[in-house]
Amino acid sequence: MEPRDKTPAPAMGRVFCLIYIMEVNMSNGKKERYEDSHLYKVRHSTAHIMASAVLERFPNAKIAIGPAIDTGFYYDFDLPRALTPEDLKEIEARMRKLIKEHIPFEKKVITAEEGKQIFKDQPYKLELIEDLEKGQFDEHGNPVDEKPELSIYSSGNFIDLCRGPHVADTMEINPSAIKLLNVAGAYWRGDEKRPMLQRIYGTAWENPDDLKAYLDLLEEAKKRDHRKLGKELELFSSVEEVGSGLILWHPNGAKTRKIIEDYWRDEHEKADYDFVYTPHIGKAQLWETSGHLGFYKENMYSPIDIEGQEYYIKPMNCPFHVHIYKSRIRSYRELPVRFAEMGTVYRYERSGVLHGLLRVRGFTQDDAHHFCSPEQMPDEIDFVLNFCLDMLRAFGFVNFSAYLSTMPEKAVGDPERWKDAEAALEASLKRAGIAYEIDEGGGAFYGPKIDLKIKDALQREWQLSTIQFDFNLPDKFDLTYIGEDGEAHRPYMIHRALLGSLERFFGVLIEHYAGAFPVWLMPVQAMIIPIADRHIPYADEVYKKLRAAGLRVKLDDRSERMNAKIRDAEKQKIPYMLIIGDQEMENQQVSLRLRSGENPGVQSLEDFLSRAKQDIAAKI
RNA sequence: GCCCUCAUAGCUCAGUCGGUAGAGCACGUUCUUGGUAAGAACGGGGUCAUGGGUUCAAAUCCCAUUGAGGGCUCCA
C-alpha cells in the first residue's frame, strides 16, 4: 500500500528552503558547518536585536524563541495586537539604530533559580527553563541527552535565555545587510493546541551585496511562481466554483501534460512495464483489508452509498494493482511483474496546506508496483533507481540527492527482510553515485524507502520521486508466487512514483524553466509572423508544411504590427518565431528569431526544420 | 484546521472622510500593411466574492461564509 507517511498529498515532497546552506565558504578556501559560521552568529544575534527592538515598541511583549535559520532568522512573540507592515518598518529602523550603537553581547552562566527570577515575567522562557532543568528538552523542544548548562546573553537592555554563540559586538553586524521580511502565525513549540504567536521573519547577511543577491533571488522566485505563470501562459487554473485543490488543465498545460505522459508511457513500455487501468472508487472492505481505513482514513473522503454498500474514492492505487496480481497464480518465471498506471487519486488535505499545483486534493500519480522474488530484489532496486534518474534527466533535472529511510520502532515484517531491503537500497544509491543521507528509523511502518530530491535552476530542492518497499500489502492480501520448488512464496513488493504526481511535477517544471520549457515540451513550438497581409498566403503554406512535419505551430494573422506579434510570442515563451515578409516570400525562406532574442536570421524552411528537429530530439 | 492579510472589469490594479465606480492591458469594430519586444481611434464589459447587519446612504464600517496569499501544524 502506500500508507500515510509515504506520500503527503500531491506528491511526495515539499519545497525545502530557498537556498539550502549546508556549508559556508570561508576566506581561506575551507568550508565549515553553517552552525559554526560567523554568518550563523550574525543571524542569531540579529534575532536578539530584533527582539530587543520589539520590546522597546511593545514593553509587555512575551518573547518565545528566535533562532537563525537557513536564510536568516525569526523570533516568535506574544503581542497585544497584530503587527502591521508599519510596525515592521519601525522595528527594522530601531534595529539599525541599535546595531550602530555597538552593543556587546555578554554571556553569563546561570542557575535555574536565577533564570526564573530574571524571566519571571516571561512565561515562555520560564517553560523553557523548566524543561531545561529537567534536562529533557532544548529551546526548540528537541529532546536532549544531558542536562544542559543554562546561560543568558545580554545585549544592551535585552537579556535572553540562550545557548549562543553570538557575535562579540553588534559592530560585526552590517546594518545595511539586514531586512525584515514578513510576519506569520506560528504555534508555540509548533503545537497546534498551544497559543498562536506572531513570528517575524528576517534575513541577515555579511554585506549589502549578499543581501541584494538574496532579495534578487526572492524576486526571481516570484517571477517563476508556477501559479503566476500558469495563469499568464494559460496552463492551468483552479476556481472557487469547482473547489479548492482541484486543477483544471487548460489546453496549453494539457498539451505539455500529454507530451509528458506519452514520453513516460514509451519509456515504461521499453522497460517492460505492463499498463493497467483501475477504477476511481472501491468498496470499504478493500480499504479495510489494505489497512487504509485503519491508517489513512483522515486523508480519505467520506464514503459513497451504492445500494447499501459503502465505497471510497481512492487515495492510492495499490490495492487495485494488488488485485490484478492476485487474479491468477503467478510463477517465479514471470517475475518481476511491473504494473504501471497514471492513477488519479483524491486525498483530503486541510485547506491551509493547499498550494497551487504543489499540494492539491486531486492528482495523478505516475504510479507503479513491482512484484519480485527476494533474489531479484537487488537488481530490481537498481533498475528502478536508474530508470527514475533517466526519467528525471530527460526533463532537464541533473542534480540529485536522496534520503534513505530505515526501519522505525513500530514496523511490520521480518527484521531480516528489512535489513536486506535497506542494504539493497543503499547499495543502489552508491552504485548510482547519488549523495544520500540516512534517516534512521524514518521509514514507513511497512518498509524502507528512498526519497529522491532534485535541484532546480534556482538551486531549490524538491522531492518528487519515491521508491518504497512494502512488507505489509503482500501479507494483507496474501500474495504469492510459485517458486522453482513448487511451493508458494511471498513476493517482495515495491511501489514507486518517478515524477511523483503530474500536477506537482508540472509545477516544478514550470518553476525550473520559468515557463520557457524545452522545445519538445512547449505547447506551441513555432509562431509564424507575416509582416503584412499580402504575406499570409505564403505564411499559410509554411504553416501547413511545418504542421505536416509534426511541428506544433501557429500562424499569427492578426492585423497587428510585426513588433506586436513578436512581443506577444515572446511573452508566450514560444521558442521559434518565423517572420515572413517580401524577401522571405520571394526566396521561399523564413527569418528565424528565438525567444532568447537571438536572431539566426533568414534561412530555408528545410534548414529551420532540421534545426527544430535537432533541438526537439536533444530535448533542449 | 489555526494566526494574520486580502477579494473591485477576462488580467494587473486605483478608488481619500460612508454619498451606488476608474485606469492600463485584454476583447470587439474601423483605420493602418509595417522588417525583429506594444500603431491609432472608437466601443462593449462591473449585483465591487457570497449572505446578513449598522446607516437616510455601504466597494468603503461590523459579523458570518467561500476562496486566495504569507506562515504554523499536518505530511516526515
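Just so you know, these numbers use all the heavy atoms, side chains as well, and skip hydrogens, waters and symmetry mates. Below, chain A is the first sequence line, B the second, and so on; all start at residue 1.
- Among the atoms of the strands shown, base atoms are found under 4.0 Å from some heavy atom of A/Gln583.
- Comparing B/G44 with B/U32, their C1' atoms sit 22 Å apart, to the nearest whole Å.
- The nearest heavy atom of RNA chain B to A/Glu240 and to A/Ser351 marks one nucleotide each, and the one closer to the 5' end goes with A/Ser351.
- Closest to the side chain of A/Glu192, out of B/U73, B/U12, B/G71, is B/U73.
- Separation of the C1' atoms belonging to B/G52 and B/A38 is 46 Å when rounded to the nearest angstrom.
- Here, B/G70 and B/G53 have their C1' atoms 30 Å apart, quoted to the whole Å.
- Across all strands shown, nothing is found opposite B/U36 as a Watson-Crick or G-U wobble partner with both distances under 3.5 Å.
- For an aromatic pair to be called close, the ring centres must be under 6.0 Å apart, and A/Phe363 with A/Tyr346 fails this.
- Among the atoms of the strands shown, base atoms are found under 4.0 Å from some heavy atom of A/Ala532.
- Residues passing the salt bridge (charged side-chain N to carboxylate O under 4.0 Å, His left out) test with A/Asp540 are A/Lys544, sequence neighbours excluded.
- Below the 3.5 angstrom threshold, one finds a donor paired with an acceptor across the side chain of A/Arg359 and the base of B/C74.
- Checked against a 6.0 Å centroid threshold, the rings of A/Trp462 and A/Phe397 do not count as neighbours.
- Closest to the side chain of A/Asp582, from the set B/G67, B/G35, B/C2, is B/G35.
- Taking the ring centroids of A/Phe73 and A/Tyr75, they lie at or beyond the 6.0 Å cut-off.
- Residue contacts for A/Lys231: at a heavy-atom cut-off of 4.0 Å it reaches the sugar-phosphate backbone alone, with no base atom in range.
- The same atom, P, is picked in B/U20 and in B/A37; the two are 46 Å apart, to the nearest Å.
- When side chains are defined from C-beta on, A/Leu502 does not count as touching A/Asp366, because their heavy atoms never get closer than 4.5 Å.
- Of the listed nucleotides (B/U73, B/U33, B/C72), B/C72 has the atom at the smallest distance from the side chain of A/Ala186.
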Kindly give the atom pairs (protein nitrogen or oxygen, nucleotide nitrogen or oxygen) under 3.5 Å for nucleotides 37-44 of chain B.
residue	atom	partner	partner atom	Å
B/A37	N7	A/Glu570	OE1	3.2
B/A37	N7	A/Arg593	NH2	3.3
B/A37	N6	A/Glu570	OE1	2.8
B/A38	N7	A/Arg567	NE	3.2
B/A38	N7	A/Arg567	NH2	3.3
B/A38	N6	A/Arg567	NH2	2.6
B/A38	N1	A/Arg567	NH1	3.1
B/A38	N1	A/Arg567	NH2	3.4
B/A38	N3	A/Arg567	NH1	3.2
B/G39	OP1	A/Glu560	OE1	3.4
B/G39	OP2	A/Arg561	NH1	3.1

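- Taking the nucleotide of RNA chain B with the nearest heavy atom to each of A/Gly356 and A/Arg199, the more 5' of the two is matched to A/Gly356.
- Of the C1' atoms belonging to B/C48 and B/A58, the separation is 11 Å, rounded to the nearest Å.
- Across all strands, A/Glu584 comes closer than 4.0 Å to base atoms (heavy-atom distances).
- Among the heavy atoms of the strands lying under 4.0 Å from A/Gly352 is at least one base atom, whether or not backbone atoms are also near.
- For the C1' atoms, the distance linking B/C61 with B/C2 amounts to 26 Å, nearest Å.
- Under the 6.0 Å cut-off for aromatic ring centres, A/Phe471 and A/Tyr446 do not qualify, their centroids lying 6.0 Å or more apart.
- Side-chain proximity of A/Tyr348 to B/C2, B/G1, B/A68: nearest is B/G1.
- For A/Asn182, the side-chain atoms get nearest to B/G71 when compared with the rest of B/U36, B/G1, B/G71.
- Comparing the C1' positions of B/A59 and B/G15 gives an interatomic distance of 9 Å, to the nearest angstrom.
- Separating the C1' atom of B/U60 from that of B/U55 is a span of 13 Å, rounded to the nearest Å.
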